[in-house]
Each structure stands twice: as C-alpha cells, then as structure tokens.
Amino acid sequence: MGLSEALTVVERARALDRPAAAARTAVQRVLRNQAVKDALHGVWLGHPLHPSLAQFTLGSLVSASLLDAVGGRQRESSTLIAAGLATTVPTVAAGWADYADSHEEQQRVGIVHAALNTTAVACYSAALVTRTRGGTGRTASLTGGVLAGLGAYLGGHLSFRRGLGPNQAESVPHTASEEWQPLGPLADIPDGEPVARDAAGTAVLVVRRGEHVDVWSDRCPHLSAPLHEGELDCTTGAITCPWHGSAFRVDDGSVLHGPATAPMPGFDSRVVDGVLQARVRTFPGVPAG
Ligand code: FES
C-alpha cells in the first residue's frame, strides 16, 4: 500500500472520529478569546499562520536529524533542536486553532498529523535530555526526523489535497465574467437581508441596504460555505459565515474574524432600467476603473 492509499484509509477511518471530536471540543473550550483565535488563524497576516511557523519548527528539527545522520557536530544539532522546540508552542497552537474549524475528513488526518508531530517532539526532547547525560541522542533524533517527515507529509496533504488553509475563493476573479451580468430586478432584492444570485454561472452574495447594493462572491474563502445563508448585522455591516463563524465587512469584503484569512472576492454593481447588474473585480475589493 502506497502513502496515498494509506491516507485514504486514514480519511475514511471512523474509529478516529471519537478522538478527533474530543480534541476539537477541548480546543474550542480553551480557545474562546476571539482576538487570540484570529491571531492564531493568521487573520492579521492575510494567510494561515500555522504553515509559516511549521516551516521554521520542522526545518530546524529535521535539519538536526540530517546533521546527526551524516555525523555532524552535536553542538550544532542540539542548537537546531533547541530552536525547533522553542517555536513548538505557537506552531502547535496555530495548528489546533485551524483544526477546530475543519471538516470531518480533515480532522481524521489532522489528529494523526498531530500524533506524529507530538511523538517527534518527544523524541527530540529525549535526544536533548540524553545529551545532557553524556549520551549521543542520535537514535532519538533520527526517529524524530522520520516521524516529523511523515507529519509534514500529512500536513501537506491536509493543505493541498484536502484544502485546509488555501483561499477557497481564489478562482472567482479568474472564472467569473468581467462583462456586466443581470442579477434580476433591484425591486426583488430584500432590504437588509443577504440573498444569492447567479452571475453567469458564478454564485454571488447580494446585500442591499436601502439604495446601496454590495455584491460579493457567495463562496466563503475558508471552506466554501454559501455566505448568503450567513447572518447580516446591518449595524456593524458584517456578514457571518454559517459554518465556522468567519466574519467579513460587506463594505469592502475584508476579514473581520477568522478562521478565514482571505477577503471575499468583490463585484462591481449598477442598476440599468431597474435591473441589478454585476461584473467581477479582477482584484478582490478593488473596484474596476
Ligand atoms: S466555511 Fe468556514 S468560516 Fe466559512
């Protein structure tokens, strides 16, 4: 069985649902503060924080294993292990924050990814402890390297095959029509209530407030939820995603709260003979010239 087939088995393993759900509940209990959650998701960064931190943590740890594998100097290897372990806490916290707002299949892979990485961290810690007692810690370091490599493979699968992290609305500015498309009579758009319309095959979210109309992609950038099913707060001008609670400003499409980190792709709108029309903006949030 190849790695890809093994991953399919993991994704379908219902036996993982109980520990995965327990982990999700525990994370949700601990991570209640919205500002902390937003920081860990990477809202301030404009893309997920976990992969960026993991590059440093894993890069340092696996480099130490490589040094140990080729008989490099223990001092440099230990420095790399210490640097990797020092960044483990924020890396893990950001990973768990993303995990708590993911699909079932993603959580099954995520729990195995976390278990591999936790064991790898334990191995590297053991290597350092062994060295303080005069041992080489080489076996623990090499074992940690193998486990961390497997963990990284699962992390890549989660992001690039299962789509946890990437902007799910990225394709909209490239696939939606740049020509004006009719969305139906303006009179049919309710005031203060998000509705869905079809713009030549692209689902759009229409928000009317009085005579002002905003049109955005209806696909949540986090995991593609239909945003028109979300809650609109006319006082704050925010729409909240029905699936995991990301909030977006309907004036400019920007992210107010994660887990989404990318803005909603926007559409220009106008009314011609009482009919609302829209065309996609090439760059999200930037009106066409
Ligand atoms: S799909 Fe997850 S917040 Fe919208």
Side-chain angles (χ1 to χ4, degrees), residues 11 17 20-21 23-51 93-111 113-114 155 157-173 175-176 193-197 202-207 214-233 236-267 280 284-285:
E11 285 170 346
D17 287 351
R24 187 184 62 237
T25 305
V27 173
Q28 287 170 341
R29 270 204 196 113
V30 173
L31 278 183
R32 287 173 183 273
N33 185 288
Q34 188 66 56
V36 173
K37 277 200 292 188
D38 287 346
L40 290 173
H41 284 307
V43 171
W44 57 279
L45 197 57
H47 61 78
L49 178 63
H50 177 66
W96 281 119
D98 291 345
Y99 169 91
D101 294 317
S102 60
H103 291 322
E104 216 168 44
E105 294 82 2
Q106 292 167 339
Q107 286 175 16
R108 289 176 190 148
V109 178
I111 202 85
H113 168 71
H157 180 85
L158 266 177
S159 296
F160 301 113
R161 176 72 74 86
R162 283 293 159 195
L164 182 59
N167 173 11
Q168 301 290 342
E170 162 57 20
S171 62
V172 173
T175 55
E193 187 184 321
V195 290
R197 288 292 183 268
T202 300
V204 295
L205 159 74
V206 181
V207 176
D214 290 295
V215 182
W216 302 99
S217 163
D218 194 37
R219 181 188 301 175
C220 178
H222 178 232
L223 284 175
S224 304
L227 287 171
H228 75 276
E229 292 179 9
E231 204 168 302
L232 176 68
D233 185 332
T236 61
I239 186 151
T240 301
C241 177
W243 286 4
H244 309 105
S246 288
F248 303 89
R249 204 190 305 271
V250 289
D251 285 335
D252 61 9
S254 62
V255 182
L256 290 167
H257 299 301
T261 56
M264 299 186 290
F267 289 70
V280 75

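The first residue in the sequence is number 1, and the count goes up from there. We count ligands from 1, going down the list as the structure has it; atoms in each ligand are counted the same way.
For the pair His222 and Gln168, the minimum side-chain heavy-atom distance is 4.5 Å or more. Here the side chains of Leu158 and Tyr99 are not in contact, with every heavy-atom distance at 4.5 Å or above. Between Thr261 and Val255, the closest side-chain pair of non-hydrogen atoms is not below 4.5 Å.
Nearest protein heavy-atom neighbour of atom 1 (S) of ligand 1: Leu223 N, 3.3 Å.
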* To do: Check the pair Leu205 / His228 against side chain to side chain contact (heavy atoms under 4.5 Å, CB included), numbers first and verdict last.
  => CA-CA 6 Å; Leu205 159 74; His228 75 276; 3.8 Å; yes
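Close approach of ligand 1 to Trp243 (heavy-atom distance below 4.0 Å) involves ligand atoms 1 (S). Close contacts of ligand 1 with Cys241, meaning ligand atoms under 4.0 Å from a residue heavy atom, involve 1 (S), 3 (S), 4 (Fe). Every atom of ligand 1 with a heavy atom of Ser246 under 4.0 Å away is listed here by number and element: 3 (S).
When heavy-atom distances to ligand 1 are checked against a 4.0 Å cut-off, Cys220 comes that close only through its side chain, counted from C-beta outward.
When the N, O or S atoms of His222 are ranked by distance to atom 2 (Fe) of ligand 1, ND1 comes first.
Backbone or side-chain N, O or S atoms of His244 do not reach atom 4 (Fe) of ligand 1 at under 2.8 Å.
Leu256 and Phe248 get closest at one heavy-atom pair: CD1-C, 4.0 Å.
Around atom CD of Gln28, more than 12 heavy atoms belonging to other residues, nucleotides or ligands sit under 6.0 Å away.
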